[in-house]
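Here, residue 1 is the first one in the sequence, and each next residue gets the next number.
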Amino acid sequence: MRTPMKDLPAHKSPFSEKVKGVEMFTEDWGDMTCGCYRYPKGVDFTPYFVGMPDDLCPIPHYGYCLKGTFHVRYKDGKEEVVKAGDLFYLPPPHTFWIDEDTEMIMFSPLKLMSESVKLAQSNLGSEK
């Protein structure tokens, strides 16, 4: 399977609909969600994980950071910075926030992603 990056469909998600500047271009292939994600500086995903185990993201993510930087914090408190040019694996549980405008290619297990997006939608809906 293949899709030119320019042809990936824009994916409506709770983040892209509610958080200004978030763009997600994804397709579901087999048991993975695959896509290109663009996040503006300052986006913090931490509040959207409330209610998930440990109030952190329960999804493993694999990817490549094309542009920008983002911070990851794990359950044990360890933090790391992912920068443009880095190949990354984010094991669960974690949270992350965007330090500067960032673009990444990311792959995540479809079932876990679908379940977690439903809870994040609820969290976004209750945001004032």
How would you list, by chain and number, every residue that makes a ring pair (Phe, Tyr, Trp, His ring centres under 6.0 Å) with Trp29, sequence neighbours excluded?
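For Trp29, no residue satisfies ring pair (Phe, Tyr, Trp, His ring centres under 6.0 Å) once neighbours in sequence are set aside.
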Beyond-backbone contact of [X] with [Y], side-chain heavy atoms, under 4.5 angstrom:
X	Y	result
Phe70	Val43	no
Val22	Pro40	yes
Leu112	Pro60	yes
Phe88	Glu80	no
Phe96	Cys57	no
Ile59	Pro109	yes
Cys36	Met5	yes
Val81	His71	yes

Would a hydrophobic clustering, with Ile, Leu, Val, Met, Phe, Trp and Tyr connected at side-chain separations under 4.5 Å, put Trp97 with Val82?
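Not linked; separate clusters.
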Could you state whether Ile98 and Leu56 fall into the same hydrophobic cluster, counting links through intermediate Ile, Leu, Val, Met, Phe, Trp or Tyr residues with side-chain heavy atoms under 4.5 angstrom apart?
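No, Ile98 does not connect to Leu56 through the hydrophobic network.
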Compute whether any side-chain donor of one residue and acceptor of the other, for Tyr39 and Glu23, lie under 3.5 angstrom apart.
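Their side chains do not contain a donor-acceptor pair, so the 3.5 Å distance test is not met.
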Given the side-chain rings of Tyr37 and Phe25, with only the six-membered ring counted for Trp, is the space between their centroids under 6.0 Å?
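So the answer is no for these two rings.
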Separation of Asp31 CG from Leu110 CG (nearest 0.5 Å):
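The CG atom of Leu110 sits 7.5 Å away from the CG atom of Asp31.
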Lys111 NZ to Met32 CE distance, which is reported to the nearest 0.5 Å
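Here the interatomic distance stands at 15.0 Å.
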Heavy-atom pair of closest approach, residues [X] and [Y]:
X	Y	value
Leu8	Gly35	CD1-CA, 4.4 Å
Leu87	Gly63	CD1-O, 3.2 Å
Thr102	Met104	CG2-CE, 3.9 Å

Starting from the C-alpha separation in whole Å, work towards a yes-or-no answer on side-chain contact (heavy atoms from CB on, under 4.5 Å) for Cys34 and Glu27.
CA-CA 5 Å; Cys34 310; Glu27 285 194 330; 5.6 Å; no
Got a sec, which residues hit side-chain hydrogen bond (donor to acceptor under 3.5 Å, both in side chains) with Asp55, two or more places apart in sequence or on another chain?
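Once residues adjacent in sequence are excluded, Asp55 has no partner under the side-chain hydrogen bond (donor to acceptor under 3.5 Å, both in side chains) criterion.
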Pair Lys75 + Asp54: basic N to acidic O under 4.0 Å
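Salt bridge: yes.
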Identify whether the distance between the nearest side-chain nitrogen and carboxylate oxygen of Glu100 and Lys41 falls below 4.0 Å.
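Salt bridge: no.
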Residue pairs involving residues 82-95 (criterion side chain to side chain donor-acceptor pair (under 3.5 Å); sequence neighbours excluded)
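Those involving residues 82-95 are Thr46-Thr95.
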